[in-house]
Amino acid sequence: MRPALAVGLVFAGCCSNVIFLELLARKHPGCGNIVTFAQFLFIAVEGFLFEADLGRKPPAIPIRYYAIMVTMFFTVSVVNNYALNLNIAMPLHMIFRSGSLIANMILGIIILKKRYSIFKYTSIALVSVGIFICTFMSAKQVVRSSQIILCIGALTFALLMSARMGIFQETLYKQFGKHSKEALFYNHALPLPGFIFLASDIYDHAVLFNKSELYEIPGIGVTLPIMWFYLLMNIITQYVCIRGVFILTTECASLTVTLVVTLRKFVSLIFSILYFQNPFTLWHWLGTFFVFIGTLMYTEVWNNLGTTKSEPQKDNKKN
């Protein structure tokens, strides 16, 4: 039941979160740092009140391990924001990161000595190719040639770092048990001092947000600048999204989590193209076909979704 709930949270929270992120980025492409800071602050305060019990509850996983995970998590967030600040197309930013399927599998083979069946290799290759086609066709007319190298370099670095973080998190859960709520809190609370170095950029965008047009929230009657409303909804949906992802990491293997998140990003891409009227060509349909064929080939994920984390890992060793 918990894996199914987690998948529901991931798709509902993350897909709606992308909508508000794109609304924010279209108006102010460089707002990534203030968005990330607001998300981290909200999740840290919520975790401090309800998970850490106002600091009275000691962590089950030693802080030194969280420090390593937090360094990777914060770095990934900042680098992804840097790529977003280059005014690249949202589909490119969103779906390029889904290449973590390949990154996760490669690092899993190298670090965890995992082995997978030929069907898993093929399915992940098809999913990644399909996403690449959709991304390339959506972004080739948006990104200037002078920005391509910086964008690809930043996103590739964040991709590998994110995959490494997922594997590190998986090994921690093996050693210390499943503590998704605790990990969610510390991963967002410990990096907060790092935003001091981004304070100037955050303040500048807060001023810009204050100058945006006023918007009355339906049913409540409260009026506030529309950019702050977008940010508020982005924070709430991000919390739902990331809560689902952290629950999923305690129930499924790292590769399975990556595939679920990748499919969510693909759904977000399709919605972004339709809702924001981005072009959708025959190449996009070809990419869609590859993604769904690859997903069908990876049926073991859905068959084992309700099993414990150790069971799919045993199957992997047999493949």
Side-chain angles (χ1 to χ4, degrees), residues 1-10 13-14 17 33 35-80 104 107-108 111-112 158 161-199 202 235-258 260-261 306-313:
M1 182 63 183
R2 279 176 60 86
L5 174 63
V7 172
L9 292 176
V10 169
C14 298
N17 175 259
N33 289 328
V35 171
T36 302
F37 172 70
Q39 292 172 350
F40 276 48
L41 182 62
F42 176 84
I43 295 175
V45 171
E46 188 274 343
F48 183 73
L49 294 176
F50 300 105
E51 172 60 26
D53 191 21
L54 300 177
R56 293 191 292 264
K57 179 182 176 182
I61 299 177
I63 292 294
R64 65 179 182 275
Y65 293 111
Y66 279 124
I68 298 174
M69 192 187 306
V70 160
T71 300
M72 292 187 284
F73 188 47
F74 183 75
T75 301
V76 169
S77 298
V78 172
V79 173
N80 279 325
N104 186 279
L107 293 182
I111 298 174
L112 300 180
M161 182 68 74
S162 180
R164 182 63 183 90
M165 184 182 70
I167 293 176
F168 180 72
Q169 191 173 37
E170 184 177 337
T171 57
L172 285 183
Y173 287 154
K174 279 185 180 180
Q175 182 177 355
F176 298 102
K178 305 172 182 178
H179 305 282
S180 62
K181 293 181 181 179
E182 177 183 291
L184 182 64
F185 165 63
Y186 283 104
N187 275 347
H188 289 80
L190 295 181
L192 287 178
F195 285 100
I196 294 176
F197 301 102
L198 307 172
I202 293 173
I235 293 171
I236 295 174
T237 54
Q238 175 69 7
Y239 174 75
V240 174
C241 169
I242 201 165
R243 182 69 176 270
V245 171
F246 271 78
I247 294 176
L248 203 60
T249 59
T250 65
E251 301 295 329
C252 305
S254 178
L255 186 64
T256 302
V257 176
T258 304
V260 171
V261 173
T307 63
T308 61
K309 187 176 177 180
S310 60
E311 291 172 344
Q313 288 176 331

Exercise. Listed by chain and number, what are the salt bridge (charged side-chain N to carboxylate O under 4.0 Å, His left out) partners of E51, not counting sequence neighbours?
Worked result: K57
For this session: Provide the closest heavy-atom pair for P3 versus E251 in the form atom of the first, atom of the second, distance.
Result: CG-CB, 3.8 Å
Problem set entry | Sequence-distant partners of L107, side-chain contact (heavy atoms from CB on, under 4.5 Å), two or more places apart | I111, A163, R164, I167
For this session: Using the side chain to side chain contact (heavy atoms under 4.5 Å, CB included) rule, take Q238 and V35 through it: C-alpha gap first, then chi angles, then the decisive distance, then the call.
Result: CA-CA 10 Å; Q238 175 69 7; V35 171; over 6 Å; no
Problem set entry | All side-chain contact (heavy atoms from CB on, under 4.5 Å) counterparts of R64, not counting sequence neighbours | P62
For this session: Examine distances only and state if a side-chain atom of T171 and a backbone atom of F168 form a donor-acceptor pair shorter than 3.5 Å.
Result: yes
Seminar exercise, completed: Across all chains, not counting sequence neighbours, the ring-ring contact (aromatic ring centres under 6.0 Å, His included) partners of F176 are Y65
For this session: May I have all residue pairs that pass side chain to side chain donor-acceptor pair (under 3.5 Å) and include part of residues 37-48, sequence neighbours excluded?
Result: Q39-N234, E46-Y239
For this session: Can you sort out the partners of L54 under side-chain contact (heavy atoms from CB on, under 4.5 Å), two or more places apart, ordered by chain and number?
Result: F48, L49, R56
Show the atom names and distances, to 0.1 Å, of all donor-acceptor pairs under 3.5 Å that link a side chain in residues 69-78 to residues at least two apart or in another chain.
from: T71; atom 1: OG1; to: A67; atom 2: O; distance (Å): 2.8
from: T75; atom 1: OG1; to: T71; atom 2: O; distance (Å): 2.6
from: S77; atom 1: OG; to: F73; atom 2: O; distance (Å): 3.1

Problem set entry | Residues which pass side-chain contact (heavy atoms from CB on, under 4.5 Å) with L192, listed by chain and number, not counting sequence neighbours | F37, F40, L41, A44, F195
Seminar exercise, completed: OG1 of T237 to CD1 of I242, rounded to nearest 0.5 Å, is 11.5 Å
